[in-house]
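As structure tokens, the structure follows; a few thoughts come after it.
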Amino acid sequence: MAEAILEVRDLVKHYPVTRGVLFRKQIGAVRAVDGVSFDLAAGETLGLVGESGCGKSTVAKLLVNLERPTSGRIRYRGDDITRLSGRALKSVRRNIQMVFQDPYTSLNPRMTVGDIVGEPYEIHPEVAPRGDRRRRVQELLDVVGLNPEYINRYPHQFSGGQRQRIGIARGLALRPEIIVADEPVSALDVSVQAQVINLMERLQDEFGLAYVFIAHDLSIVRHISDRVAVMYLGRLAETGTDAQIYGHATHPYTQALLSAAPLPDPALRERRDRIVLTGDVPSPARPPSGCRFRTRCWKARERCEAEVPELAVPAAFRARTGPAAHPSACHFAEERRIVPGPGAGAAEEWLDSGDKNV
């Protein structure tokens, strides 16, 4: 991998659980993120996947400093942004922007599109002179496939896909190096998802952007990501390239996720190795000891209860150079191909068919 521009090390975010009215006392903590580490290279897309409630959105908020971590480090080009404040933090925020999940609630309904997209220039006036801002906003609207003449319209006058394009234009206003996209297409129709994903890929090529792309749709993540990190109950279960994760998963949770993903090809559906998990996802306020997946895992042993598995290349694969030799947080990791055949299904077909000019 190329040199990392973003380094996340042992990132932790715990939310206190308190009791009492006048004299509040902490009685526990919700362990939303509990020791996450990864790198992001320039121009790369890292897909972060997992079930709802696993901590993905909390990671996103920590990366853009909407939340402060309980502990851990986030380094952007060598600077630890968790320790920055004032002008230093403001300068870093120019280079790490966010696209939010719901385009219906992330845009102020009382502001025009021009005001929404141009608001970053009010916060960072050194980026664009006041007399030049309207032109820049119109250029951004054109870049994301919207008519520049829409600058005086309000969010309610746009469709969901168009609103998400407005959110992307706002994220591009300061010409950031990294965009954190928190499930940017989950609230959109399938056909509109294809349009937005294709737009993001085009903008990445045009501006050299790096993405942290958060989603729970495995087909979309496979299409857009260079590397994938699978998250479960606040921790990373497995990381690797898209080919390693989708074709040679070694962690039981990753294998279960892949087996549950929809497949449009009936022949592949019939031949797929289905894995049905039992039990519910444990509460992040009371996570299991040892391996957090052990309460739902068919491989669980006494060691899984007593010892936290390290996210590393499993011992069985360390002497190999094949695609199964990638980090996995499982004491009994083993390769298991869920979907037969070399293809990724029909995900690429419908994504590539998306109209890029809506």
Side-chain angles (χ1 to χ4, degrees), residues 8 10-18 26-38 46-64 66-72 74 98-106 180-188 193 212-222 225 228-239 245 249 251-262 275-298 300 304-305 308-309 311 328-330:
V8 177
D10 301 319
L11 193 62
V12 173
K13 180 62 180 180
H14 294 173
Y15 295 96
V17 177
T18 60
Q26 182 173 341
I27 58 173
V30 175
R31 300 172 178 267
V33 179
D34 211 11
V36 168
S37 300
F38 60 82
L46 174 69
L48 187 60
V49 301
E51 294 173 284
S52 297
C54 71
K56 305 186 302 295
S57 293
T58 303
V59 170
K61 293 175 183 176
L62 293 170
L63 293 179
V64 296
L66 291 179
E67 297 270 8
R68 287 283 189 173
T70 304
S71 64
I74 303 173
M98 186 167 181
V99 175
F100 294 90
Q101 175 178 355
D102 189 354
Y104 293 90
T105 59
S106 62
V180 180
D182 184 14
E183 303 208 34
V185 297
S186 64
L188 306 176
Q193 288 181 3
V212 177
F213 189 92
I214 296 171
H216 57 263
D217 189 317
L218 296 173
S219 297
I220 292 176
V221 171
R222 178 167 192 169
S225 299
V228 179
V230 182
M231 198 168 179
Y232 182 79
L233 209 62
R235 291 180 178 166
L236 294 184
E238 188 169 2
T239 63
I245 296 298
H251 194 285
Y253 177 62
T254 308
Q255 295 166 355
L257 282 181
L258 293 173
S259 79
I275 300 173
V276 180
L277 298 178
T278 59
D280 298 323
V281 179
S283 167
R286 295 180 300 276
S289 61
C291 176
R292 295 195 171 181
F293 185 60
R294 66 176 177 81
T295 58
R296 306 172 72 195
C297 182
W298 63 94
C304 302
E305 182 178 357
V308 177
L311 182 64
S328 179
C330 179

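- Between F293 and H251, the ring planes are tilted. Angles from 30° to 60° get that label.
- With a 4.5 Å cut-off on side-chain heavy atoms, C54 and L233 do not count as touching.
- In this structure, CD1 in I220 is found 6.0 Å from CZ in F213, a value given to the nearest 0.5 Å.
- Not a single donor-acceptor pair under 3.5 Å links the side chain of R235 to the backbone N or O of L311.
- Taking all atoms of both residues into account, the shortest heavy-atom contact from D102 to A187 is OD1-CB, 4.3 Å.
- With hydrogens and angles disregarded, no donor-acceptor distance shorter than 3.5 Å links the side chain of T18 to the backbone of Q26.
- Remark: side-chain polar atoms of S71 are not paired, donor with acceptor, to backbone N or O of V12 under 3.5 angstrom.
- Put simply, the side chain of C297 reaches to within 4.5 Å of the side chain of P252, judged on heavy atoms.
- Atom CZ of R286 has 12 or fewer heavy atoms from other residues, nucleotides or ligands within 6.0 Å.
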**Prompt:** Yes or no on side-chain contact (heavy atoms from CB on, under 4.5 Å) for W298 and I275, after CA distance, side-chain angles and deciding distance?
**Reply:** CA-CA 10 Å; W298 63 94; I275 300 173; 3.4 Å; yes
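- Two residues are said to be in side-chain contact when any heavy atoms from C-beta on lie closer than 4.5 Å; M231 and V36 meet this criterion.
- Distance check, rounded to the nearest 0.5 Å: OG1 of T70 to NZ of K13 gives 5.0 Å.
- With a 4.5 Å cut-off on side-chain heavy atoms, Q101 and P184 do not count as touching.
- To the nearest 0.5 Å, atom OH of residue Y232 and atom SG of residue C291 are 8.5 Å apart.
- Considering all non-hydrogen atoms of both residues, E238 and T254 come closest at OE1-OG1, 2.8 Å.
- Although no hydrogens or angles enter the test, the distance criterion places a donor-acceptor pair under 3.5 Å between the side chain of K56 and the main chain of E51.
- Under a 4.0 Å N-O distance rule, the pair R292/D34 qualifies as a salt bridge.
- No donor-acceptor pair closer than 3.5 Å links the side chain of T239 to the backbone N or O of A229.
- Here the closest heavy-atom approach between residue S106 and residue P103 is recorded as OG-CA, 3.7 Å.
- Annotation for A249 and L258: closest pair CB-CD1, 3.9 Å, computed over non-hydrogen atoms.
- Paired with L48 under the rule side chain to side chain contact (heavy atoms under 4.5 Å, CB included), one option of L236, V230, V180, V221 passes, and it is L236.
- Counting only heavy atoms from C-beta outward, the side chains of L11 and F38 never approach each other to under 4.5 Å.
- Of all heavy-atom pairs spanning R296 and G279, the tightest one is NE-O, 3.6 Å.
- Rounding to the nearest 0.5 Å gives a distance of 11.5 Å between OG of S57 and CG of L66.
- V8 pairs with exactly one of L63, V59, L46, V33 by the side chain to side chain contact (heavy atoms under 4.5 Å, CB included) rule, that one being L63.
- Side-chain contact, E183 with H216: a donor N or O sits under 3.5 Å from an acceptor N or O.
- Shown here for V49 and V228, the closest heavy-atom pair between the two residues is CG2-CG1, 4.1 Å.
- Inspection of the T58 and E67 side chains reveals no N or O donor paired with an N or O acceptor under 3.5 Å.
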